[in-house]
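Structure, as structure tokens:
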Amino acid sequence: MKKKVLLMGASGSGKTSMRSLIFSNNPASLTARLGATIDVEQNHVRFLGDLVLNLWDCGGQDAFMDSYLTTQKSTIFQQVGVMIYVFDVETREVGKDLEYYRDCLAGLKQFSPDAAIFLLVHKMDLVREPRQPTFDKKKQELQEASGDAEISVFGTSIYDESLYRAWSNIVHTLIPNASILSRHLATFAAACNATEVVLFERTTFLVIATSSSNSASLSETSSGIAELDSKRYERTSELIKAFKHSCSRIREEFRSLELELYDFTAVLDEMTRNTYVMIIVHDPTIEVAALKLNIRLARRKFEELQSDSLVSA
């Protein structure tokens, strides 16, 4: 199964850098070495074992963009599952960017009307504080330019967790029956008496599913547990990817992680061949060994669930 993912935007907006960070495990400090993309660079990225993302990184130079929108229009915009359009937050050519974006929307509407559209306002680290008003203004501008098209807009940077939040949302739309995994994670969390359970893709460490909805949080008054950080998933992805890179530099392989702190316990371990699971527990009476035993016992079921959810699409 292959899903066509278009990665588009002006030259220099940061498309190739973010792709390298997410899928090639390169740290942000090394992305400056990457050269400009020439025409279309296709990559078949294996995700969750049987799901293959057909990633088209499209060069953003004017000559290439004009070609995509004329002679190559049917080739570029046919059978698209997701289009990711990247805007440089500090660009001085806003008008030209928006014009190309509207033309791309027209191409999608003609050849792939059901494609999901994600807009990334990139390089937010270059914006002086406070960043939120700048992002809100840009988001409003993009919503107006999109007309009646349904879009999702994220502010991103390769230097913080925001990029993982955006890409986790992107790949989640490409995973068939992801809700089934979430339901079974909720059951698994209840069996572990866990506060939360999160499933990560093995290579990218993007979030696949969680035991609670994105809006779920725990209040101090109802459970005695402090409210959960809304950025906890993407921060975990960023930290573990950085730790994995550090391990590779000393020629060691990351396998699992256990944290026992005064207010909670966290266990991160392999769930299936293609995923890792993280269990967060606030009950001090629950032992790490019990959590690891539950993971081992649940592996076969989650291998079946992952296979079924992919095959059924």
Side-chain angles (χ1 to χ4, degrees), residues 1-24 31 34-88 91 93-122 142-143 145-154 156 163 166-167 169-176 203-204 206 310 313:
M1 182 189 352
K2 294 181 181 180
K3 298 285 186 177
K4 187 174 178 180
V5 180
L6 283 185
L7 184 56
M8 307 192 78
S11 178
S13 59
K15 304 183 299 297
T16 303
S17 294
M18 67 171 64
R19 174 171 64 84
S20 172
L21 194 77
I22 295 293
F23 294 106
S24 300
T31 57
L34 300 172
T37 301
I38 304 301
D39 202 2
V40 178
E41 185 175 330
Q42 293 189 46
N43 292 271
H44 293 85
V45 181
R46 188 164 293 279
F47 195 83
L48 282 179
D50 295 328
L51 181 63
V52 178
L53 305 183
N54 187 10
L55 185 61
W56 289 35
D57 185 356
C58 301
Q61 293 88 339
D62 289 355
F64 295 141
M65 292 295 287
D66 291 338
S67 176
Y68 304 151
L69 296 166
T70 53
T71 58
Q72 297 187 65
K73 191 172 183 178
S74 62
T75 302
I76 295 293
F77 294 104
Q78 273 189 346
Q79 299 178 331
V80 176
V82 171
M83 181 181 77
I84 306 159
Y85 204 101
V86 183
F87 294 89
D88 184 341
T91 184
E93 298 183 317
V94 176
K96 185 171 73 173
D97 264 7
L98 291 177
E99 183 179 353
Y100 277 135
Y101 166 61
R102 292 190 195 96
D103 290 341
C104 289
L105 279 184
L108 273 186
K109 187 174 182 179
Q110 180 180 356
F111 294 101
S112 300
D114 297 327
I117 302 167
F118 289 86
L119 309 182
L120 306 187
V121 182
H122 198 46
L142 294 176
Q143 287 174 333
S146 301
D148 59 355
E150 186 174 342
I151 61 172
S152 299
V153 187
F154 294 90
T156 58
L163 192 64
W167 277 87
N169 279 270
I170 290 167
V171 299
H172 193 265
T173 66
L174 297 170
I175 301 171
T203 303
T204 62
L206 296 175
L310 292 176

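Across Tyr68 and Gly59, no two heavy atoms sit closer than the pair OH-N, 3.0 Å. What you find for Tyr85 and Asp97 is that their closest heavy atoms are OH-O, 3.8 Å. The nearest pair of heavy atoms linking Ala149 to Ile117 is CB-CD1, 4.3 Å. Taking every heavy atom of both residues into account, Lys15 and Ala10 meet most closely at NZ-O, 3.3 Å. When every heavy atom of Ile170 is checked against every heavy atom of Thr173, the shortest pair comes out as O-OG1, 2.6 Å. The two residues Thr91 and Val94 make their nearest non-hydrogen contact at O-CG2, 3.8 Å.
Within the model, atoms CD of Gln78 and CD of Gln110 stand 9.0 Å from one another, a figure rounded to the nearest 0.5 Å. Between atom CG of residue Leu108 and atom NZ of residue Lys73 there is a gap of 10.0 Å, rounded to the nearest 0.5 Å. A distance of 7.0 Å separates OG of Ser112 from NZ of Lys4, quoted to the nearest 0.5 Å. To the nearest 0.5 Å, the span separating CG on Asn43 from CG on Leu55 amounts to 6.0 Å. To the nearest 0.5 Å, atom CG of residue Leu6 and atom CG of residue Asn54 are 9.0 Å apart.
Contact of the Leu53 side chain with the Phe23 side chain is registered, since non-hydrogen atoms from C-beta on lie closer than 4.5 Å. Looking at heavy atoms from C-beta onward, Leu142 lies in side-chain contact with Phe87 at the 4.5 angstrom threshold. Side-chain contact between Met8 and Tyr100: absent, with no pair of heavy atoms (C-beta onward) separated by less than 4.5 Å. Two residues are said to be in side-chain contact when any heavy atoms from C-beta on lie closer than 4.5 Å; Phe154 and Ile84 fail this criterion. A 4.5 Å side-chain heavy-atom check between Val5 and Phe118 finds every atom pair outside the cut-off. Between Ser146 and Leu119 the shortest side-chain heavy-atom distance falls below 4.5 Å. Arg102 has its side chain within reach of Leu98: a pair of non-hydrogen atoms, C-beta onward, lies under 4.5 Å apart. Side-chain contact between Val40 and Ile76 is present, with heavy atoms from C-beta onward closer than 4.5 Å.
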Step by step, would you call Glu41 with Thr16 a side chain to side chain contact (heavy atoms under 4.5 Å, CB included)?
CA-CA 10 Å; Glu41 185 175 330; Thr16 303; 5.5 Å; no
Hey, mind stepping through Met83 and Tyr101 against side chain to side chain contact (heavy atoms under 4.5 Å, CB included) and telling me if it holds?
CA-CA 11 Å; Met83 181 181 77; Tyr101 166 61; 4.2 Å; yes
Given the rule in the side chain to side chain contact (heavy atoms under 4.5 Å, CB included) test, do Phe77 and Leu69 qualify, once you have shown the distances and angles that lead to the verdict?
CA-CA 9 Å; Phe77 294 104; Leu69 296 166; 4.0 Å; yes
Side chain to side chain contact (heavy atoms under 4.5 Å, CB included) between Met18 and Leu120, intermediate numbers included:
CA-CA 11 Å; Met18 67 171 64; Leu120 306 187; 3.7 Å; yes
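Around CD of Gln42, the count of heavy atoms belonging to other residues, nucleotides or ligands within 6.0 Å exceeds 12. Summarising the local packing, CD of Gln143 is surrounded by more than 12 heavy atoms from other residues, nucleotides or ligands at distances under 6.0 Å.
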